[in-house]
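Notes to accompany the following structure.
Order of the sequence lines sets the chain letters (A, B, ...), proteins ahead of strands, with each chain counted from 1.
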Number of protein chains: 2
Amino acid sequence: MDSNIAVLALAALAQSSRLEVFRLLVQTGPAGRAAGDIAHALDIPPATLSFHLKALAHAGLVESRQVGRYVIYQARFQAMNALLAYLTENCCGGTGCEASATSCQPEGNAHETTARAPRRSRS
Amino acid sequence: MDSNIAVLALAALAQSSRLEVFRLLVQTGPAGRAAGDIAHALDIPPATLSFHLKALAHAGLVESRQVGRYVIYQARFQAMNALLAYLTENCCGGTGCEASATSCQPEGNAHETTARAPRRSRS
DNA sequence: TCCATTATTTTATAAATATAAAAATAATGC
DNA sequence: GCATTATTTTTATATTTATAAAATAATGGA
C-alpha cells in the first residue's frame, strides 16, 4: 500500500461519524445496508451521511451498488486489511512485529444475504 | 480503547507529514530523536514540525523529554498497539479476525541508546 | 403511461478545524 | 552575559464539516 493511500484511508476513518458508519458496515457484512437505513440507525441527516459515504468510498473503504430504489453500501474488507498491513509494517517497529498479517474476513457474519429495505416507523 | 481516542489517533496519522514523522520515530526506536533532527531528516520547517509533533503527542502517539537543549521525541508503541487492536476488533468483522493481537515492540531496534544531538552540517 | 411517493445525491452557505511559516520565545554552552 | 541554536506561539490562509433546500432517480399503482 502506498503511503498516500494510507493517509486517505486514515483520514476517512478519522472522523467520528465516518468511523461509526464503517463499523456498522463491517458488522453488517457483505449484505450491506441502504444509505437511508444507515442514516436512520446512526441518526445522521441523509445529506450529511451522503457526504461521509462519498469520503469513505473515495478512500476505497466502502463500495455501493444500486438495488431497486436503494443504494446499498458495504465495507471493503480488503481495503481495511491493506491499511492494517501498512500500519503494522511501517509504524510498528519495522521488522519488529511483521508476523501479524491481520487478515480481515467477513465470514460467518453474513446473517443477511440480501439487501434490506429501510424500516421506517413514521413517527 | 475508546472510540474518541481512536479517532484522535487516526486523525493524528491522517496527514502525510505526521505519518512520516511517526514512521521515522518508530524506526528510530526508544532512543528517540530531537525535534530539529526530525525536521532536518524530513525537510520540514521547524515551526511546522512542532505543530505536527504536538498533534501526535496530544493523540498519545509520541512522547517527549528534554535532554540538554534538545527535546527528544519517541514513539509510544503501546498507543499504536491500542489503535491496531481497536481497528482489528471493531472494524474487522467483529469476531472475524480477533486472533491477531498485533503487539508492537521496538525490541532489537534500539541501535541508539541515548539521545543524539542533531548533526548540523552548516551548509 | 403518468403521477404520487420514497430514496439518495448535489448544491449552497456558514461554521469549525487544520495547516504552514513568520515572528517571538526559551534554553544552552562558551 | 551573549551569541547560537532549538522550539513554540501567533497569525493568516485553506480545508473540512454540517445541514437545509433543491434536484435527481426509481418504484408501484391509478
Distance, rounded to the nearest Å, where B/Ile44 contributes CD1 and C/dA22 contributes C1': 17 Å

Enclosure of B/Asp43 CG (heavy-atom neighbours >12, cutoff 6.0 Å): no

Atom pair distance, as rounded to whole Å: CZ in A/Arg33 and C1' in C/dT8: 17 Å

B/Tyr73 or A/Ala55, whichever maps to the more 5' nucleotide of DNA chain D: B/Tyr73

OP1 or OP2 of C/dA20 under 4.0 Å from side-chain N/O of B/His52: yes

A/Leu49 CG - D/dA20 C1' separation (whole Å): 16 Å

Nearest-Å distance for atom pair CG/C1', residues B/Leu53 and C/dT19: 14 Å

A/Lys54 vs C/dT10: side-chain N/O to OP1/OP2 distance below 4.0 Å: yes

N/O (side chain, B/Arg18) to phosphate O (OP1/OP2, C/dT19) under 4.0 Å: yes

Intermediate values then yes/no, side chain to side chain contact (heavy atoms under 4.5 Å, CB included), B/Leu13 and B/Leu56: CA-CA 8 Å; B/Leu13 296 175; B/Leu56 285 167; 4.3 Å; yes

Any A/Thr48 side-chain nitrogen or oxygen under 4.0 Å from OP1 or OP2 of D/dA18: no

Whole-Å distance separating the CD atom of B/Gln66 from the C1' atom of D/dT5: 13 Å

Short side-chain N/O contact to D/dT8 OP1/OP2 from B/Ser50, under 4.0 Å: yes

Nearest to side-chain heavy atoms of B/Pro46, which nucleotide of D/dT7, D/dA18, C/dA20: D/dT7

Residue A/Ala47, side-chain heavy atoms: nucleotide from C/dA21, D/dA21, C/dT8 that is nearest: D/dA21

With B/Asn90, the side-chain hydrogen bond (donor to acceptor under 3.5 Å, both in side chains) member among A/Glu20, A/Arg23, A/Gln27: A/Arg23

For atom CZ of B/Phe51 and atom P of C/dA23, their distance in whole Å: 19 Å

A/Tyr70 vs C/dT9: side-chain N/O to OP1/OP2 distance below 4.0 Å: no

Residue met sooner reading DNA chain C from 5', once A/Arg69 and B/Gln15 are mapped to nucleotides: A/Arg69

Interatomic distance where CG belongs to A/Leu13 and P belongs to D/dT17 [whole Å]: 12 Å

Distance (rounded to the nearest 0.5 Å) between B/Leu61 CG and B/Leu53 CG: 11.5 Å

Gap between atoms CD1 and C1', on B/Ile72 and C/dA27 respectively (whole Å): 14 Å

Validation row: A/Tyr86, B/Leu19 side chains within 4.5 angstrom (heavy atoms): yes

